[in-house]
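The structure appears below as structure tokens.
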Amino acid sequence: MQRYSDLMRKERRSIAFVPTMGFLHEGHLSLMKKGLEIADIVVASIFVNPAQFGPSEDFGSYPRNIEGDLKLLKKEGVDIVFLPSEKDIYPDGFQTCVELKNLPNHLCGLSRPVFFKGIASVVSKLFNIVKPHYAVFGKKDYQQFLVIKQMVKDLNFDIEIVGAPIVREKDGLAMSSRNSYLNPEQRRHALSLYRSLKMAGEILQSGERNSSKIINEAAAIIKSYPDTEIDYIKICDQENLSDMEIIDRPALMALAVKVGKTRLIDNMILTAQMDSLMSEG
Ligand code: AMP
């Protein structure tokens with residue numbers, strides 16, 4: 001992989017990289033499209049990274065379909081698919097990791113303590129292997145997007161991080177490989193995440209600026225669906241993820257909810273109409 005990238009770089013061809021864990025859907029493919037738009041060569045990787053799963057999480061059962069994924073990537077026009085083995089990434093004696101101090105102390109980092117350390121470490125390795133000019137990440141995993149941007153800045157990776165919008169099903173459910181765990185009933189309950197975000201946006205537009213009130217409304221919507229368990233609902237600063245009590249500037253509303261045993265995440269940027277903000281002084 002490194003030799004191929006060296007060759008492309010020598011030929012002055014730009015490389016966009018899209019790391020994934022496979023079981024691809026339209027959300028992933030939108031990142032491939034973005035890559036094709038901004039660079040000459042698109043490299044996708046598929047690697048289910050054991051280091052980012054906790055001991056009681058779903059590493060063993062994470063959905064996999066390499067044949068199907070390869071077909072989709074070929075159809076999309078992706079140039080290279082990098083499929084490392086676990087031993088390629090973590091050979092015997094491997095001992096280095098990358099850990100961020102602050103960003104993981106919020107949102108998903110609190111309920112998934114090894115998650116961002118696992119991600120920052122594997123993405124660093126993949127960056128050094130693929131040597132891209134650009135790397136594309138979905139804002140569905142908004143905290144991951146911030147973690148990678150911060151890591152690239154802190155460690156001087158010469159890579160431009162490009163964020164891509166959340167791709168949703170027709171009814172609003174954010175696409176996710178983990179949606180395949182849901183039975184038809186749970187699939188209906190999973191819509192509670194998007195519905196609560198949308199409602200939050202509407203409450204904000206109607207003039208409410210108090211985060212706790214909006215969060216309580218969102219929680220009530222989710223609780224009205226059976227078989228749901230809220231991990232967190234937060235309204236926070238979109239750069240450093242610290243809680244925002246009053247929404248006086250665009251804010252990130254992010255949530256994680258278990259539907260049955262499946263943990264789902266979603267988010268939305270809440271933006272109040274500037275004129276209504278200004279009229280309030
Ligand atoms: P994953 O395979 O879940 O690790 O995701 C690989 C990349 O695809 C990450 O950058 C995700 O943020 C992105 N991604 C996953 N689902 C979506 C979606 N519904 N919309 C946009 N990007 C997504």
Side-chain angles (χ1 to χ4, degrees), residues 16-38 42-54 57-59 61-66 68-70 72-73 76 78 81-84 89 103 107-109 112 114-127 130 132 134-152 159-182 187 190-191 193-194 197 252 254-257 262-269:
F17 175 44
V18 185
T20 81
M21 300 209 296
F23 211 72
L24 303 180
H25 50 67
E26 283 298 326
H28 296 111
L29 298 182
S30 75
L31 310 187
M32 308 299 161
K33 289 186 175 84
K34 187 79 199 161
L36 288 161
E37 230 174 82
I38 58 180
V42 175
V43 178
S45 67
I46 300 176
F47 180 63
V48 184
N49 175 32
Q52 71 193 59
F53 290 79
E57 292 179 0
D58 58 344
F59 174 68
S61 58
Y62 196 83
R64 292 163 169 88
N65 177 9
I66 292 291
D69 288 348
L70 291 176
L72 288 173
L73 292 172
E76 210 55 60
V78 167
V81 186
F82 178 52
L83 296 168
I89 299 294
L103 281 172
L107 310 181
C108 290
R112 305 188 71 187
V114 299
F115 186 53
F116 290 110
K117 183 172 158 186
I119 284 177
S121 303
V122 80
V123 171
S124 305
K125 284 177 66 84
L126 292 170
F127 280 176
V130 176
Y134 306 93
V136 189
F137 288 84
K139 291 190 183 168
K140 153 100 185 339
D141 302 272
Y142 190 92
Q143 190 174 11
Q144 166 175 281
F145 170 66
L146 290 186
V147 161
I148 300 298
K149 277 209 302 187
Q150 187 66 44
M151 177 188 89
V152 161
I159 299 172
E160 187 179 324
I161 303 303
V162 177
I166 301 176
V167 176
R168 299 179 179 281
E169 302 284 358
K170 275 204 183 79
D171 61 3
L173 177 68
M175 290 194 179
S176 164
S177 307
R178 288 193 171 96
N179 292 348
S180 64
Y181 293 143
L182 304 169
R187 169 66 181 77
L191 207 52
L193 282 85
Y194 177 65
L197 288 172
L252 173 76
L255 70 173
V257 175
T262 306
R263 186 176 176 282
L264 301 174
I265 58 171
D266 201 346
N267 70 78
M268 194 175 267
I269 300 291

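One is the number of the first residue; the rest follow in order along the sequence. Everything numeric here is computed off the predicted structure, so don't read it as measured data. In listed order, ligands and their atoms are each counted from 1.
- A salt bridge does not link D58 to R263: none of the charged side-chain nitrogens sits closer than 4.0 Å to a carboxylate oxygen.
- Contacts between V18 and ligand 1 below 4.0 angstrom, taking non-hydrogen atoms only, are absent altogether.
- The backbone N or O of A174 sits less than 3.5 Å from a side-chain atom of N179, completing a donor-acceptor pair.
- Near I166, meaning under 4.0 Å from any of its heavy atoms, are these atoms of ligand 1: 20 (N), 21 (C).
- At least one heavy atom of Q144 sits closer than 4.0 Å to an atom of ligand 1.
- Neither the backbone nor the side chain of S176 comes within contact range of ligand 1; no heavy atom lies under 4.0 Å.
- When the heavy atoms of Y142, F137, Y62, F145 are ranked by distance to atom 3 (O) of ligand 1, first place goes to Y62.
- L182 is listed as a side-chain neighbour of L264, based on a closest heavy-atom distance under 4.5 Å.
- Under a 4.0 Å criterion applied to the non-hydrogen atoms of M175, ligand 1 contributes the atoms 16 (N), 17 (C), 18 (C), 19 (N).
- Of all the listed residues (N179, L31, L29), L31 holds the heavy atom that lies closest to atom 7 (C) of ligand 1.
- In H25, the part holding a heavy atom less than 4.0 Å from any atom of ligand 1 is the side chain.
- If you look at A164 next to ligand 1, there are no close heavy atoms at all, none under 4.0 Å.
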message: Quick one, H28 with F23, criterion side chain to side chain contact (heavy atoms under 4.5 Å, CB included). Give me CA distance, side-chain angles, the key distance, then yes/no.
response: CA-CA 9 Å; H28 296 111; F23 211 72; 5.9 Å; no
Cut-off 3.5 Å, no hydrogens considered: what does the side-chain donor-acceptor table look like for residues 134-142, sequence neighbours left out?
unit_1: Y142; atom_1: OH; unit_2: Q238; atom_2: O; d: 2.8

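- Between the side chain of E76 and the backbone N or O of M32, no donor-acceptor pair lies under 3.5 Å.
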